[in-house]
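Here the structure is a predicted model, which is why all the values come from computation and not from measurement. Below, read A as the first sequence line, B as the second, and so on, with proteins coming before strands; counting in each chain starts at 1.
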Protein chains: 2
Amino acid sequence: MGAQAKRAAKRRAALSRERILRAAIGLADRGGFELLSMRKLGDKLGVEAMSLYNHVRNKEDMLDGMVDVVFSEIDLPPGGVDWRSAMRQRAISVRQVLTRHPWANGLMESRTTPGPANLRHHDAVLGSLRGAGFSVEMAAHAYSILDGYIYGFTLTELTLPFRKPGDVAKVAGSIMERFRAGEYPHLAEMAVDRAMQPGYAYGDEFEYGLDLILDGIQRAQA
Amino acid sequence: MGAQAKRAAKRRAALSRERILRAAIGLADRGGFELLSMRKLGDKLGVEAMSLYNHVRNKEDMLDGMVDVVFSEIDLPPGGVDWRSAMRQRAISVRQVLTRHPWANGLMESRTTPGPANLRHHDAVLGSLRGAGFSVEMAAHAYSILDGYIYGFTLTELTLPFRKPGDVAKVAGSIMERFRAGEYPHLAEMAVDRAMQPGYAYGDEFEYGLDLILDGIQRAQA
DNA sequence: ACCTGAACACCGTTCAAGT
DNA sequence: ACCTGAACACCGTTCAAGT
C-alpha cells in the first residue's frame, strides 16, 4: 500500500453494510440502475470491489438491502384518520419515493426475501384496513388493487417517453409521420388534443385513478 | 470452416430478424431474462454471436423487437360488444400473454421506441372507448387506470414468492418465526386465514380488481 | 477482521478479414 | 451480403495472500 493509498484509507470512514447500501442507492439514483456495478461502487467508496463482499453476501443480497431502505422511506399509513385518507396518503408516499428511486420500481414487489421495513410496511397497511373493520378477505382485495395500481402506474409513468410537457412533442415527432398518415387515428387524437396541450402532465392521472379505486373499495366495503 | 460446421450451416435456415426474435423470446421464456445473452442466442441458432448484428442493431433494438412480438400476441379489444366486455377481454388477454412471457412485463410500457404492434394495440384500445362515446379525457383516464392496474398486478403476481398454493407454506416458513413472535400480526393473520388455505391462488384477485375498476369507470362515464 | 491482486468465466460490441 | 476470429472494455465472484 503506497503512502497515498494509506492516506486515502485513513480519510474514508470504515466500510459497513449501511454505507454500502447508501452509496449504491445514490449511484443507482444518479447514474441509472444499469450503471450500478460492484466495481464502480467500490471506486465510489475508495475501495476495491472485492472488499464489498465482506459486508454483503453478493449483489443480489445488496439489492435486497437497497429495496428495504427504499421501503423504510415510505410513510406508513397514518393512524387517527379514516382508512380512506390513510390509504390515500400512503399511496402518494409510495409514488413519491419511487420517483426519487426509479430503479426500485420493478424490484419492490419482487424480492423473495422481504426485509423488515417491507414487512412492517405491509403489516401496517393491512392493520390500517383491519382496524377500520375490513374483513381479511376485503383487506386482501383492497391491498391487491391498490398496490397493483400504484406500482403499475408508477412503472408506466417513470418509463414513459414523455414525462414533462415539453417531451411529448419531441418524442411524438419521430412517430408523427405515421400519425399523419392516419394509421393510428386515436393515438394521434390523444396526442394532439391532450398530451400536447400546455400544462399536460401524465402524473396528474395518478390521483384520478386512485380516487376511483378508493371509491370502489368504499362501495364494496359498505 | 470444417466439414462438420459446413454441414451444420447448410442444415440451419438462413438467419433473419424474425428468426432471431423468436429464438430470443424462447430463450427468455424458458431460461429467464438474465440468461439471454447474444452469445447464448448465437449458440442456439448455430451461429456466432457477431452474426446477429447483421440483422439487429444491438441488444436494445432486439428487445424492442421482442416486446413488439409480445404485443402482437395480445388480442385487440373485440368489436361488436359493449366497451366493458371489450376492455375486460383485452385485460385478460394482456395478463395471459404476460404470463407466457414474464420477462416482458417490465419492458412493455418502457420502450421509448414503440413498435407497430404496440401502436396498433393502444390505438385499438382508445378506438374502442371513443367509439363507445368516451370523451378524449375520459378515455385517457380509463386507459391509464386499466393499464396501470393490469401491468402492476401482473408484475406483483409474477414475482410473488408464492404463486402456487403449495409455495406459500414453503416461503412463509422462513419468515414464520418472525410471524410467530407477533412482530407482524396482520401479515400473519393474512397468511394463515387466507394465503395458506387450500385452493388459494393470488391470481384470483385479478378479476375482482378488474371488475371494481370497470364499475368505477362505468359510473364516471354515465 | 478486513482488504487486495490475480484470476476465472462470463458479458456486449467493433472491426478487419474471410467467403 | 453475410459470417467469423480476435480483440476491447467491461461484468460478478472466488480465493489465496497480505495487514
*Test side chain to side chain contact (heavy atoms under 4.5 Å, CB included) applied to D68(A) and D64(A), step by step*: CA-CA 6 Å; D68(A) 215 52; D64(A) 280 336; over 6 Å; no

Exercise. So Y149(B) and F206(B), ring-ring contact (aromatic ring centres under 6.0 Å, His included) or not? Walk me through it.
Worked result: CA-CA 9 Å; Y149(B) 175 68; F206(B) 182 68; 5.6 Å; yes

Can you tell me how far [atom2] of [N] sits from [atom1] of [X], to the nearest Å?
{"X": "E48(B)", "N": "dC11(C)", "atom1": "CD", "atom2": "P", "result": "13 Å"}
{"X": "M50(B)", "N": "dT14(C)", "atom1": "CE", "atom2": "P", "result": "12 Å"}
{"X": "R39(A)", "N": "dC11(C)", "atom1": "CZ", "atom2": "C1'", "result": "11 Å"}
{"X": "E60(A)", "N": "dG12(D)", "atom1": "CD", "atom2": "P", "result": "12 Å"}
{"X": "L52(A)", "N": "dT13(D)", "atom1": "CG", "atom2": "C1'", "result": "12 Å"}
{"X": "R57(B)", "N": "dT14(C)", "atom1": "CZ", "atom2": "C1'", "result": "16 Å"}
{"X": "K59(A)", "N": "dC10(C)", "atom1": "NZ", "atom2": "C1'", "result": "14 Å"}
{"X": "Y53(A)", "N": "dG12(D)", "atom1": "OH", "atom2": "P", "result": "6 Å"}

| Under the side chain to side chain contact (heavy atoms under 4.5 Å, CB included) criterion, do E18(A) and H55(A) qualify, and how do the steps go? | CA-CA 9 Å; E18(A) 281 311 301; H55(A) 304 90; over 6 Å; no

Note on DNA chain D: ranges paired as stems (three or more Watson-Crick/G-U pairs in a row, both atom distances under 3.5 Å) are C:4-8 with D:12-16, C:12-16 with D:4-8

Give M38(A) one of three labels, base, sugar-phosphate or nothing, depending on what nucleic acid heavy atoms sit under 4.0 Å from its own. sugar-phosphate

ask   = Within the structure shown, what part of the strands sits under 4.0 Å from S37(B) by heavy-atom distance: base, sugar-phosphate, or nothing?
value = sugar-phosphate

Going through the checks in order, is the salt bridge (Lys or Arg N to Asp or Glu O under 4.0 Å) test met by E157(B) and R95(B)? CA-CA 10 Å; E157(B) 179 186 22; R95(B) 176 153 166 269; 2.7 Å; yes

Check whether any side-chain nitrogen or oxygen of S51(B) sits under 4.0 Å from OP1 or OP2 of dT4(D), and answer yes or no.
yes

Check your understanding: Salt-bridged, D61(B) to R17(B), with N to O below 4.0 Å?
Key -> yes

Practice problem: Could you walk me through whether Y143(B) and H122(B) pass the ring-ring contact (aromatic ring centres under 6.0 Å, His included) test, one step at a time? | Solution: CA-CA 9 Å; Y143(B) 187 147; H122(B) 284 123; 5.3 Å; yes

**OP:** Describe, in one word, how the ring planes of F71(A) and H121(A) are oriented to each other, choosing from parallel (under 30°), tilted (30 to 60°) and perpendicular (over 60°).
**Re:** tilted

Taking dC2(C), dC11(C), dT13(D) as options, the one with an atom nearest any side-chain atom of K40(B) is dC11(C)

